[in-house]
Amino acid sequence: MPSEIQLPRLGWSMEEGRFLGWLVRPGERVAAGQPLFTVEGDKATQDVEASASGRLVPAPDAPAEGETVAVGRVLGWLLADGEAAPTPANPGTPIAPAEPARADATAPVPPSLASPAAPISPVHAFPASPRARRAARARGVDLASLSPSGTAGRIRERDVLAATPAPRAHPQSRARTDWREEPLSPARRTIAARLSHGHPRPVPVTLNLRCDASRLVALRMAFKVRAATDPAEPAPTLNDILVHLVGIALGQHPVLTASWAGDHLRFPRVIHVGFAVDTPDGLRVPVLRDVCNTPLKELAAQARAMAGAARSGRLAPADTEGACFTVTNLGALGIESFTPVVNPPESAILGVGAVVREAVPLEDGGFAALDRMTLSLTFDHRVLDGAPAARFLQSLRSLIEHPPVQPPPSPSHP
Amino acid sequence: MDKRSPLALYRSMLLIRAVEERLALSHQQGLVHGACHTYVGQESVAAGVCAQLADADAVFSTHRGHGHALAKGMQPLRLVAELYGREAGCSGGRGGSMHLFEPAIGMMGTSGIVGPCILQAVGAAYAFRLARLPHVGVAFFGDGAVNNGAFHEGLNMAAIWKLPVLFVCENNQFATEVPFASVAGNPSVAARGAAYRIPSFEIDGNDALAVEQAAREAVEAARLGNGPTLLECRTYRTRPHAEGMGDFTYRTREEVERWKALCPIARLRQHLLDLGMATGPDLDAMAAMAAAEAEAAHVAAVASPFPLASSALAHVLAPASATPPEPQPPTRPARTLSFMKATHEALAEAMARDPRIFVLGEGIGQRGGNFATTSGLHAIHGPERLRDTPICERGFVGLACGAAMAGARPVVDFMFADFLLDAVGEILNQVAKMHYMSSGRLRMPVLLRGCIGIGHSAATHHSGSYYSMYAHFPGLRVAVPSSPADAMGLLRTALAGDDPVLFLEHRELLNIKGPVPEGSHALPFGKAAVVREGSHVTVVALALMVHRALHACSVLAEEGISVELIDPRTVAPLDLQTILASVAKTGRLLVVDEDFAHCGIGAEIAAGVANAGFDDLDAPIRRLNGAASPTPYSPTLESALVPDADAIARAIRDLCAE
Ligand SMILES: Cc1ncc(C[n+]2csc(CCOP(=O)(O)OP(=O)(O)O)c2C)c(N)n1
Ligand SMILES: [Mg+2]
């Protein structure tokens with residue numbers, strides 16, 4: 001193998017040196033250890049010994065005596081008998097990196113102006129904070145239409161909020177008041193990464209479970225009977241009762257309320273539940289507050305007011321923010337089961353199907369006609385696995401089948 | 001063969017020479033990526049001294065350490081591969097020529113800084129004394145080191161505590177190009193040792209047998225508890241200071257040739273032949289063996305892979321498993337303790353449990369510390385574990401470094417952070433880098449504790465904070481607690497961990513009282529406390545500023561401004577997540593910091609939030625800092641420097657009105 005002769009580094013900071021000349025003639029044989037050439041570094045002049053034996057063949061572009069060259073520059077080779085000098089890959093390449101070519105003599109322009117691909121953002125009358133820009137983006141608000149109210153003459157988030165109704169709960173909005181964070185377990189992290197193929201997106205999975213809704217229907221009927229006699233006690237809807245029961249089940253299975261936050265889970269300290277309302281303008285999801293601690297009667301009143309506001313387009317932005325779970329019910333439209341879509345940042349949604357009277361086989365071989373209903377739970381598999389989601393559904397089923405709700409006293413017959 | 005026999009010494013010297021010559025050639029060939037200081041001409045010193053040592057004895061050396069490493073038993077491949085920057089190198093490619101580590105055989109490291117090895121050898125000797133082990137610490141250093149404070153501080157401490165340490169000065173008459181005679185008020189190194197009442201001997205360093213005998217007596221004396229010895233070995237390096245450097249601007253070819261003729265290897269060879277201990281061919285065969293060994297090391301080193309770039313950050317800190325306790329909910333009701341009492345309890349309890357812990361400081365013995373940090377402990381544990389030191393901060397921090405390297409767990413009680421500036425080189429260059437440079441083999445549980453902060457008219461040499469400066473450096477943890485409970489929890493973690501910790505106690509907080517949980521309450525580093533929840537603005541504050549900010553919070557609450565107050569508690573590591581989560585809620589951030597603003601922790605927090613929380617910001621990030629000035633004495637001047645509750649409240653109001 002030809003042994004390469006390079007300009008050695010004589011000191012740590014040496015980048016180049018002056019080649020002062022060969023100490024043997026080209027073509028002459030040298031032994032390893034014999035002085036071969038002389039180099040002048042920044043500190044000293046040194047005779048460099050041959051690192052191998054062989055015949056000296058200087059490189060075609062070997063430096064002239066006295067020439068300054070970069071450390072590592074190939075000066076030539078020591079060849080054994082019969083060996084030929086390799087052809088340099090790129091003869092005559094300058095060692096020092098060339099000055100980057102200047103396009104022309106015009107004054108440098110800032111890249112943002114120079115690049116046609118980057119349109120310049122419109123000039124606003126007032127600067128806006130990053131948070132305000134985000135809010136404006138989310139609401140499709142033109143910042144130029146706003147004026148600031150603060151001392152710095154900058155549009156802040158509150159200026160955007162004051163100018164516009166909120167379209168929908170936003171993942172980052174202020175309404176997510178109070179959260180507890182829980183780090184992901186390594187297993188959770190692995191499962192989530194595997195399921196989402198490294199993309200930060202939810203992994204929805206839907207589970208369906210049939211349940212016996214007979215008692216629920218009976219309960220609702222009892223409330224209706226009562227309402228008929230006492231207008232001060234309007235009946236909760238089937239949905240209200242369901243949200244109430246969902247609240248109880250969520251309390252038992254808080255992981256259904258968690259939301260995915262990249263490297264941890266966020267658990268709300270208070271459980272607010274959204275419920276889907278069909279309005280002339282499309283779907284609205286008002287939020288019922290603190291469902292675990294709100295009595296059914298109040299919950300129903302809240303829901304009634306909000307559904308009304310939603311249908312008449314008067315829902316306040318704040319009323320649609322802060323939920324950690326949603327209930328959507330297509331039963332009234334006869335749908336028996338469906339695949340609901342999770343509202344981020346929530347990680348689960350319950351779809352409720354129509355109550356259907358079915359013949360159900362009994363143990364004794366006979367049949368009974370029962371009111372049955374299908375629960376469809378869609379959840380984000382990054383946040384929880386199928387089994388805990390199924391256990392939540394089971395809890396909910398048993399709550400539906402044995403509702404822990406005091407039926408109203410039957411109408412009094414004086 | 002007895003390691004101390006002349007033939008064994010000869011072989012050891014031949015190996016050093018052969019490896020050095022191979023390395024000199026490799027340097028020219030570009031295989032050595034950095035500096036290469038060879039030991040040619042001085043082999044007799046390493047061979048003669050290391051022949052006395054077992055693996056458990058600890059050697060600390062210098063930039064010219066190849067010979068010491070080989071004589072101590074390092075495999076030539078481990079040395080050569082390190083200079084080639086390879087995975088198989090003795091420091092895994094982290095060190096190169098000047099950072100050679102092989103703790104398993106007592107090669108505790110060479111250093112690119114002249115001096116600290118002396119203090120570290122004294123520290124290892126201290127650790128051996130503490131553990132009642134019969135080992136010795138050995139420092140090799142050049143004539144250049146004896147004009148350095150480390151030499152004087154180290155010799156003095158070894159002398160007063162009669163430590164089992166051997167100081168080996170290789171006086172090769174030059175420090176780089178500077179002749180020793182031209183920079184030595186007293187050109188006798190042995191005389192300097194004697195001035196500290198250390199038995200000191202000047203010997204012919206090129207006479208391997210003389211070195212062997214002197215070293216043997218010195219090591220025996222040390223093992224017997226008779227204290228340190230200094231050997232001044234007169235010698236000469238016959239190659240340039242470092243490979244590739246010119247040699248004849250400061251000395252003549254003739255002088256070098258004269259010393260080459262006094263070659264210690266040739267001299268021992270003649271001796272062996274004269275006494276008939278070996279024949280010429282025997283000795284030639286030994287030389288050929290050594291050359292073959294060096295060549296084999298070279299070949300294996302070239303074949304060894306380079307370390308993976310992805311491993312570059314491994315070993316900056318000890319593995320996490322060794323450190324962070326999870327915050328535990330208090331099980332029993334809290335007691336009320338002062339800040340001082342809380343840390344005292346943590347220290348007292350750790351010392352009772354772990355005999356490797358000892359405390360160094362001025363007045364921390366019988367007196368119990370300037371701030372009662374060690375009150376009563378001397379009576380329990382005695383002077384060896386509560387060691388009153390001379391006033392040599394650099395010296396005793398260097399000692400602590402060496403003691404930690406040798407397995408002890410030193411606590412340096414430095415009183416005021418201003419004093420610690422005298423030891424910054426030891427802290428940053430040695431203590432903080434050692435775990436990394438040793439590729440994770442040397443744990444560095446060094447706890448440095450003392451006061452910071454303005455107040456009490458202490459003026460500018462007793463008031464500095466400095467935490468931002470230390471937090472800049474990898475390898476150090478920096479805790480700045482603001483409450484008795486946090487102080488206790490963080491000190492417990494520091495005392496149980498394996499990393500160097502700078503534990504800074506604000507002087508104005510030492511007497512505050514607060515609830516402290518019962519039981520072994522410990523806090524992880526890098527976990528901020530949300531001191532007060534709020535929704536309009538996030539305020540981050542440390543130490544005394546936490547208390548002042550709290551005061552401001554209550555004033556503002558009445559005005560309807562709801563402040564979330566966060567105390568990071570440790571500035572390294574810094575819990576940015578908690579701050580970001582708060583800013584996501586509030587959209588506004590003010591950092592209140594008693595330390596200077598410029599390049600300070602506030603700038604770091606601001607950069608982190610601007611980067612990761614940009615879209616959450618509804619106003620510019622603001623800082624409120626101590627004024628950029630030395631600390632004046634007079635109360636009116638002094639208080640003008642530090643933010644008070646009014647100033648903090650004003651800054652918050654302004655930010656909210658933005
Ligand atoms: C604190 C410090 N200052 C300067 C240097 C640069 N330096 C490296 S080696 C050296 C000379 C050391 O001389 P000496 O201690 O006699 O050792 P020798 O090189 O002669 O073996 C100097 C000044 C250094 N490494 N450390
Ligand atoms: Mg010297």
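Hydrogens, waters and symmetry mates play no part in the numbers below; they use all other heavy atoms, side chains included. Quick caveat: nothing in here was measured; it's all calculated off a predicted structure. Below, chain A is the first sequence line, B the second, and so on; all start at residue 1.
- With rounding to the nearest 0.5 Å, the separation of CE in B:Met245 from CD in A:Gln46 is 11.5 Å.
- With hydrogens and angles ignored, the 3.5 Å screen pairs a side-chain donor or acceptor of A:Arg131 with a backbone N or O of B:Asp616.
- Residue contact with chain B, scored on non-hydrogen atoms closer than 4.5 Å, involves the backbone and the side chain of A:Arg156 alike.
- Within a 6.0 Å radius of CZ in B:Arg253, no more than 12 heavy atoms belonging to other residues, nucleotides or ligands are found.
- Within 6.0 Å of atom CZ in B:Phe614, 12 or fewer heavy atoms from other residues, nucleotides or ligands are found, so the atom counts as exposed in its surroundings.
- The line from CG of A:Leu7 to CD of B:Gln28 is 10.5 Å long, rounded to the nearest 0.5 Å.
- A:Glu4 does not touch chain B: none of its heavy atoms, backbone or side chain, sits under 4.5 Å away.
- For B:Ala619, the part sitting under 4.5 Å from any heavy atom of chain A is the backbone (N, CA, C, O) and nothing else.
- Counting only heavy atoms from C-beta outward, the side chains of B:Asp615 and A:Arg137 approach each other to under 4.5 Å.
- The closest side-chain heavy-atom distance from B:Gln577 to A:Glu181 is not below 4.5 Å.
- Contact tally against chain B (heavy-atom pairs below 4.5 Å) for A:Gly150, A:Ser129, A:Pro130: the top residue is A:Pro130.
- In this structure a side-chain-to-backbone donor-acceptor pair under 3.5 Å is present from A:Arg9 to B:His33.
- Comment: A:Arg154 does not engage B:Asp618 in a salt bridge, judged by the lack of any side-chain N to carboxylate O separation of less than 4.0 angstrom.
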